[in-house]
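First comes the structure, then the notes that go with it.
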Amino acid sequence: MPYVPPKWIKLSDGETYAFAPLRALEHQRRLSLRLTKAPKPLDYAPLFDVLLFNPSVEEFHFIGETFDRFMRRWRRKHPEDMDRLADYYRELPPRFHFFLKHLPLVPQNRFALAVARPPFISTLAARIEQSGTRAAPASQWKATIDGLRQKGIREDEIVQSGIRERLGALGAGTRVTSRDLARQVTLAHLTPVLMVESARAFDARAGFRDCCERIEPRFLKWHGQMGRVRGARHVVRYRHRTFGYVILMSRFPSDLVSLGGVWWTVLDEKKRFLIQPAEGFENADAAMAFAEGHIRERCAGSVGNTRALERWRHAALPGGDDYREILVTLPDVTDSYWGAHFRTRNVLAHLRCSLRVGEDGRRVLFLDEVQSDWVAEAARPADPARPGDVPAPPFRGEWVLLCLKLMLWWAHARGIDGLAWSPADLQAQRWAGYGPPLALYERLLPDEAAKLARTLGLSIQSMTLTVRAGQRTVDGYDDRWWVISGDGKQLTRAFGRQTQAEVFADLTDARTELVVPVIWFEGLPEIRAVPMFGLGQARDWFAAEKPPNGHAGDQRRPPPQSTSSTAPPTNSE
């Protein structure tokens, strides 16, 4: 059921607004907002979201602002509304007292950080524009839209877009152009976002990953740095996961003039030297601390020193690089669902993945696990012991396909060679006794992957991964990591980084080979758009330069559809 606020207000721009703390907990964590033991009403202003009433579908949607920002903007545009807004807001905290009193005074150091916003489009809007009809009565458009279901358009997309309700509000004889109708397909409130659960870190090295890339001395000479020194070696040793900053290690030989040694310097994402001490830094930690400070200054405090949380890495396939726990979230859906695995609101699905290299040297994004707690919980019978109903999840019938589309786009955009996933036999071996959803890996995941590959002109093949046999595991926390034997004995002293312990375990453990399915991206052109529902056609993926106005991802309000006013639900102010 769509969210219906207990009270709303109509402002001087003619729109109906509401304010509700539906995402108060995530706002509090993101802002690190501390509350007093007796908070005043204005203390909650950064935690109240602004919702706009859409009369054509009779629903409230987020507009992407909190109450404090909305008030600052509204004060400049419509000062005549300020007294009414102030009176209206004073009544809100008491209305939501039961929810607000459970907010912690000090927020937990855990929040969701967006890592990618895919370029979604609506195939429904694209087919309307491609229908060949320049203008037609609303009744004819209704029949056209119903016929699009026979051409691959999902019924869920038609229902969620609200296009039928908008046409019904116009009247059967009203003529509508194809372009105007396409603009009225609004799916912005359903746009999935790829996120990771993060925490504010205090380790300067948390955002960097190990690497080893040789840089020729002539490259440094071109940039006016260090010149050409015979025998010098310049290697990129660390690269920032998010911003691409580089920590460069330069080793100089000793001669009659100098003793030589190792210098550390910092380059930005375009390999340009930052303004830093001429002699560089004595160690990597000092260079990383300088780089982190430069990032914070560059982003004006909008991005802190954060690190991604990896709660389930112990359950992943051993080895691999750049392990991630990706959350496919629906942050703008007004219904709220909280799963058991993560503390982020509205996680539709989560994917545990890592980068791996096959025997032929090609890299793949390997999906260790694909899971949706929301879909699984909504499918179970109602539990009397759990208060409240689980809201119906969007994309319920195609969440697996959605995950594959997102991961294929993400891997291809990062220059990875293919997308691979864990087969059913590996899942059965790993989760023996826990009842893994084998039907997902035996039938549903391969079938959806085959449809996706067929649409994009690709094929599903197999590849061999060489991994540890499992006699050596890595365990630890923060900057203390150990290699553990199969019987639980500690084999090493503590390593300062998990990647160092993983490398040692790889070198000392026996090896085994795994055959996994993979979609290779060879010959795949640049993906410019991703259909939000279904697969569409290949031209939908490659030809679109940007989503048309009003399509998926457009946050603007649709234009008014008729002169008749549709009032919000009763008891409106």
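As a basis for the values below, the full set of heavy atoms in this structure was taken, side chains included, without hydrogen atoms, waters or symmetry mates. Here, residue 1 is the first one in the sequence, and each next residue gets the next number. Because the structure is a prediction, the values reported are computed rather than measured.
Under the 3.5 Å distance criterion, the side-chain polar atoms of Thr329 are matched with a main-chain donor or acceptor of Val193. Using a distance-only test at 3.5 Å, with no hydrogens or angles considered, no donor-acceptor pair links the side chain of Gln130 to the main chain of Ala125. Panel note: side chain Ser422, backbone Leu426; no donor-acceptor pair is recorded below 3.5 Å.
For Ala420 against Val516, the heavy-atom pair with the smallest separation is CB-CG2, 4.2 Å. When every heavy atom of Thr508 is checked against every heavy atom of Phe504, the shortest pair comes out as OG1-O, 2.9 Å. Residue Thr123 comes nearest to Pro531 through the heavy atom pair CG2-CB, 3.6 Å, listed as atom of the first residue, atom of the second, then distance. Of all non-hydrogen atoms in Pro393 and Ala378, the two that sit nearest each other are CD-CB, 3.7 Å. Val370 approaches Leu440 most closely through the heavy-atom pair O-CD2, 3.2 Å. Of all heavy-atom pairs between Val483 and Arg472, the closest is CG1-CD, 3.9 Å.
Atoms CG and CG, on Leu465 and Leu317 in that order, are 7.0 Å from each other to the nearest 0.5 Å. Leu406 contributes atom CG, which lies 9.5 Å from atom CG of Leu401 (distance to the nearest 0.5 angstrom). For the atom pair CZ of Arg539 and CZ of Arg528, the computed distance is 15.5 Å after rounding to the nearest 0.5 Å. In this structure, the separation between CG on Leu535 and CZ on Arg154 is 6.5 Å, given to the nearest 0.5 Å. Interatomic distance, Glu398 CD to Leu444 CG, rounded to the nearest 0.5 Å: 11.0 Å. Here CE of Met249 is found 7.0 Å from SG of Cys212. Values are rounded to the nearest 0.5 Å.
In summary, Arg362 and Asp360 engage in a salt bridge, as defined by a charged side-chain N under 4.0 Å from a carboxylate O.
The list of side-chain hydrogen bond (donor to acceptor under 3.5 Å, both in side chains) pairs with a residue in residues 443-453, not counting sequence neighbours, is empty. For residues 404-421, the set of pairs meeting the side-chain hydrogen bond (donor to acceptor under 3.5 Å, both in side chains) definition, not counting sequence neighbours, comprises Asp322-Arg414.
Between Val364 and Trp520, some side-chain heavy-atom pair lies under the 4.5 Å cut-off. Side-chain contact check for Leu348 versus Leu402: some heavy-atom pair is nearer than 4.5 Å. A 4.5 Å side-chain heavy-atom check between Phe542 and Ile527 finds at least one atom pair inside the cut-off. Contact annotation: the side chain of Leu404 approaches that of Leu445 to within less than 4.5 Å [non-hydrogen atoms, C-beta and beyond]. Side chains of Arg352 and Gln371 form no contact here, defined as non-hydrogen atoms less than 4.5 Å apart. The shortest side-chain heavy-atom distance between Lys151 and Arg127 does not fall under the 4.5 Å cut-off. Taking 4.5 Å as the limit, every side-chain heavy atom of Met532 sits out of range of all side-chain heavy atoms of Glu157. At least one side-chain heavy atom of Met407 sits under 4.5 Å from a side-chain heavy atom of Ile326.
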- Message: If you apply the rule side-chain contact (heavy atoms from CB on, under 4.5 Å), what do you find for Leu365 with Leu355, and how did you get there?
- Response: CA-CA 5 Å; Leu365 179 65; Leu355 288 178; 4.3 Å; yes
- Check against side-chain contact (heavy atoms from CB on, under 4.5 Å), Leu456 and Ile519: CA-CA 11 Å; Leu456 299 180; Ile519 302 177; over 6 Å; no
- Could you give me the CA-CA distance, side-chain angles and deciding distance for Val474 and Trp482, then say whether side-chain contact (heavy atoms from CB on, under 4.5 Å) is met? CA-CA 6 Å; Val474 175; Trp482 298 272; over 6 Å; no
- Message: side-chain contact (heavy atoms from CB on, under 4.5 Å) for Ile247 and Arg237? Distances and angles first, verdict last.
- Response: CA-CA 6 Å; Ile247 305 299; Arg237 284 291 290 112; 5.6 Å; no
- Show your working on salt bridge (Lys or Arg N to Asp or Glu O under 4.0 Å) between Arg511 and Asp506 and close with a plain yes or no. CA-CA 8 Å; Arg511 313 295 286 177; Asp506 286 340; 3.8 Å; yes
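Side-chain atoms of Glu513 and Thr464 form no donor-acceptor pair, as typed in the model, at a separation below 3.5 Å.
Shown here are the side chain to side chain donor-acceptor pair (under 3.5 Å) partners of Glu325, two or more places apart in sequence or in another chain: Tyr323. Looking at residues two or more places apart in sequence or on another chain, you find a ring pair (Phe, Tyr, Trp, His ring centres under 6.0 Å) between Phe533 and Phe395. For Ser354, the side chain to side chain donor-acceptor pair (under 3.5 Å) partners two or more places apart in sequence, or in a different chain, are Arg356.
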Sequence neighbours left out, cut at 3.5 Å: what donor-acceptor pairs do the side chains of residues 21-28 make with other protein atoms?
| unit_1 | atom_1 | unit_2 | atom_2 | d |
| --- | --- | --- | --- | --- |
| Arg23 | NE | Asp49 | OD2 | 3.0 |
| Arg23 | NH1 | Pro331 | O | 2.8 |
| Arg23 | NH1 | Asp332 | OD1 | 3.1 |
| Arg23 | NH2 | Asp49 | OD1 | 3.0 |
| His27 | ND1 | Arg30 | NH2 | 3.0 |
| His27 | NE2 | Asp49 | OD1 | 3.4 |
| His27 | NE2 | Asp49 | OD2 | 3.0 |
| Gln28 | NE2 | Leu33 | O | 3.2 |
| Gln28 | NE2 | Pro104 | O | 2.7 |

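Below 30°, between 30° and 60°, or above 60°: for Trp374 and Tyr337 the angle between ring planes is below 30°, a parallel geometry.
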